[in-house]
Amino acid sequence: MTDPRLQMLAIGAGALGVAAAAAGLLRLVSRRGYVTFARELAALLFQPVGWIVLLLLYLFRGYEVVGLLTQAGLGPVDREQFTAAYLQTSSSLLMLLLVPAILTMRSFADEKRSGSLEVLLTAPVRDGEIVLGKWLAAAVYFGLIWLPAILLLVLLGGPQFLAAEFPIQPVLSGYLGIVLVGALFLAVGCFTSSLTDNQLLAALIGILFAFGTLFGPRYVEPFLQLRAAVPDAPGLGATAARVLGDEIWRGDFDGFGALLEVFRDTVLFPFVQRASVGDHLANWFFRGLLNTGQIVFYVVGTGCFLFLTTRSLDLRRWR
Amino acid sequence: MIEVDNLTKRFGQTLAVDAVSFTIGRGEVVGFLGPNGAGKTTTIRVLTCFHPATAGTARVAGFDVFDEPVKVRQQIGYLPENVPIYGDMRVEGYLRYRAALKGVPRRERRAAVARAMERCGVTEVRRKLVSQVSRGYRQRVGLADALVANPPILILDEPTSGLDPNQRRKIKDLVRELAVEHTILFSSHILAEVGDVSDRILLIDRGRLLADGRIDELLANAGGERIVVTARAPGEELVAALAGTPGCGPFAALAEAGAFATVAAELERDAAMGDPRDAIAARLGELDVQLRELRTELPALEQYFARMTGGGDRAASRPQSEAPR
């Protein structure tokens, strides 16, 4: 199956099939969860905000892809590197960083603010069914908005463009990784949304979480290495001292680096490092490598945050 | 259908509902009456399993609100105050969604929605966005939502608030119609409405249940029933003539118009004494005074309400039960 058109068709049909299967499964498990899912998905599809954010991100992606192709056109294409580079563009990272939080920020915060949560929760539905329905709607939407980017990657490998015939595994595993990470971030978004009635606050906390797990652990080690190699370099105070030429400032303000060094030596650090979403994507999923431990991590993490969301909804009853 | 026993609900330090007990039987229409912030909405939210009680129990159609919330909610059609519904859906679509959420089977859904729309008179706005219909229609959409799964119990929280007199009358007519086949608990702080629609009231204030019973009985038992006499005689003369009538308190002149005076006295209800109207008519006949009017008068619902709830404003002591967040 080397014809990119066939591959695109297969991937597109596969993605839609998985979405339909997930919806069907929900319908089997909980009829009312499925009703919530259908309403929420319709609401997402008819909301302009999501589409405008997407338009911006896809315009950005187009700009980046032109850059990548120009680079690739200059010499022989390293097929795997191209895939990894394509999947890791800034627009991809932005889409992972911003979109889940934006998709879920309304889920509960808005219902709380308008009071419609009361109508929803006094219907004969369990909290868990509502949470599951809302999350799955967001997850399906998230999976579908990535589809054009994935299909474009397949198309780029075709004879009209790079004629590179990409191995399909990194494309598929990259898509899987993105959806898994998105599922976790969406669950976190549902949770933050259930904590407050302020959408913006919910979105910002969700983005903070995504930012921390995507970039945080990846840069601890390099940062500390740099700090060790060039004692003056990283600290804000040290830089200021060099610029100002003042001996008194030297090194005294390097509190962040010192704190990070202490943190690196605690027992916690290895766990944080292994939960590095950025590393999982760049070193595994985008290279076509699947790691069962990581997949379990995302599935369990998503489940945990969905559970926390139902608990947080329940908490409201006790206040 | 609804049994509430010693129900207490606290929000932190605030006692919103204080040991309230009542029972509502099948087919009853009960008005839940009280000033704003009395604990009506909180009680209703406990019954709809939105808040758990701090103490006490409540059962709806035999199901405990704490142990079997989903079963309880299946029995209830609930119209919350202010009717918070999704503005981004169309009326018919919203009702379809609600019917599905409430478990109306797919085959019956279209008919159930059509029936609820018809009953509540929202058929003509069914293609409009919920956010674009008027307050009165919105209220009726909320009512249609409460009805759509045809639950045996309807709980309506201030169904007429914010409506104009015409819309109010329509809602009241609808509630009266629904009373034929549903048990209805509806709250209001407007007395006339409760009197119009329900045969029984629960009067609640500051979280306590002050009265429970048929409206006329409550008014009669509360005291304050008066006997009013209008006759052709000067006021003082009439007062003197009627003084000491068994079963009546001291008379006082109310008004004089031309040759006629009106006097009134508190009625001391006591079955053994018989009806004092007979004694008064006889006495005036003896004196050859022309009698124009002789009647007993229950205090107006408003006066009763004011007396039971302590009258004037006391915003400072009001529990914040209407907005617990």
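Chain naming here is simple, since letters A, B, ... match the order of the sequence lines and numbering starts at 1 in each. Just so it is clear, the model here is predicted, and its values are computed rather than measured.
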Original post:
Which region of Leu117(A), side chain (C-beta onward) or backbone (N, CA, C, O), has a non-hydrogen atom less than 4.5 Å from a non-hydrogen atom of chain B, or is it both or neither?
Top reply: backbone
Original post:
Of the backbone (N, CA, C, O) and the side chain (C-beta and beyond), which part of Thr122(A) lies under 4.5 Å from a heavy atom of chain B, both, or neither?
Top reply: both
Original post:
Quick check: are there more than 12 heavy atoms from other residues, nucleotides or ligands sitting under 6.0 Å from CZ of Phe215(A)?
Top reply: yes
Original post:
Would the number of heavy atoms belonging to other residues, nucleotides or ligands and lying under 6.0 Å from CZ of Arg119(B) be above 12?
Top reply: yes
Subject >> Atom CZ of Arg208(B): over 12 foreign heavy atoms under 6.0 Å >> reply: no
Original post:
How many angstroms lie between atom CG of Leu121(A) and atom CZ of Arg45(B), to the nearest 0.5 angstrom?
Top reply: 11.0 Å
Subject >> Exam field: side chain Arg98(B) to backbone Val119(A), donor-acceptor pair closer than 3.5 Å >> reply: yes
Subject >> Interchain contact, Tyr97(B) with chain A, by part (heavy-atom threshold 4.5 Å) >> reply: both
Original post:
Does CZ belonging to Arg26(B) count more than 12 external heavy atoms closer than 6.0 Å?
Top reply: no
**OP:** With rounding to the nearest 0.5 Å, note down the distance linking CG in Asp157(B) to CD in Glu118(A).
**Re:** 7.5 Å
**OP:** Return yes when atom CZ of Phe211(A) has more than 12 non-hydrogen atoms of other residues, nucleotides or ligands closer than 6.0 Å, and no otherwise.
**Re:** no
Original post:
Relative to chain A, which segment of Asp145(B) carries a heavy atom at a distance below 4.5 Å: side chain, backbone, both, or neither?
Top reply: side chain
Original post:
Closest approach of Gly115(A) and Pro84(B), non-hydrogen atoms and distance?
Top reply: O-CG, 3.2 Å
Original post:
How far apart are the closest heavy atoms of Arg32(A) and Lys102(B), and which atoms are they?
Top reply: NH2-O, 3.3 Å
Subject >> Shortest non-hydrogen contact from Ala123(A) toward Arg73(B) >> reply: O-CD, 3.1 Å
Original post:
Closest heavy-atom contact between Arg126(A) and Val70(B)?
Top reply: CG-CG2, 3.8 Å
Original post:
For Glu111(A), is it the side chain, the backbone, both or neither that has a heavy atom under 4.5 Å from a heavy atom of chain B?
Top reply: side chain
Original post:
Given that the side chain runs from C-beta out, which part of Arg96(B) has a heavy atom under 4.5 Å from chain A: side chain, backbone, both or neither?
Top reply: neither
Subject >> residues 34-45 of chain A: residues contacting chain B (heavy atom under 4.5 Å, by number) >> reply: Val35(A), Thr36(A), Arg39(A), Glu40(A), Ala43(A)
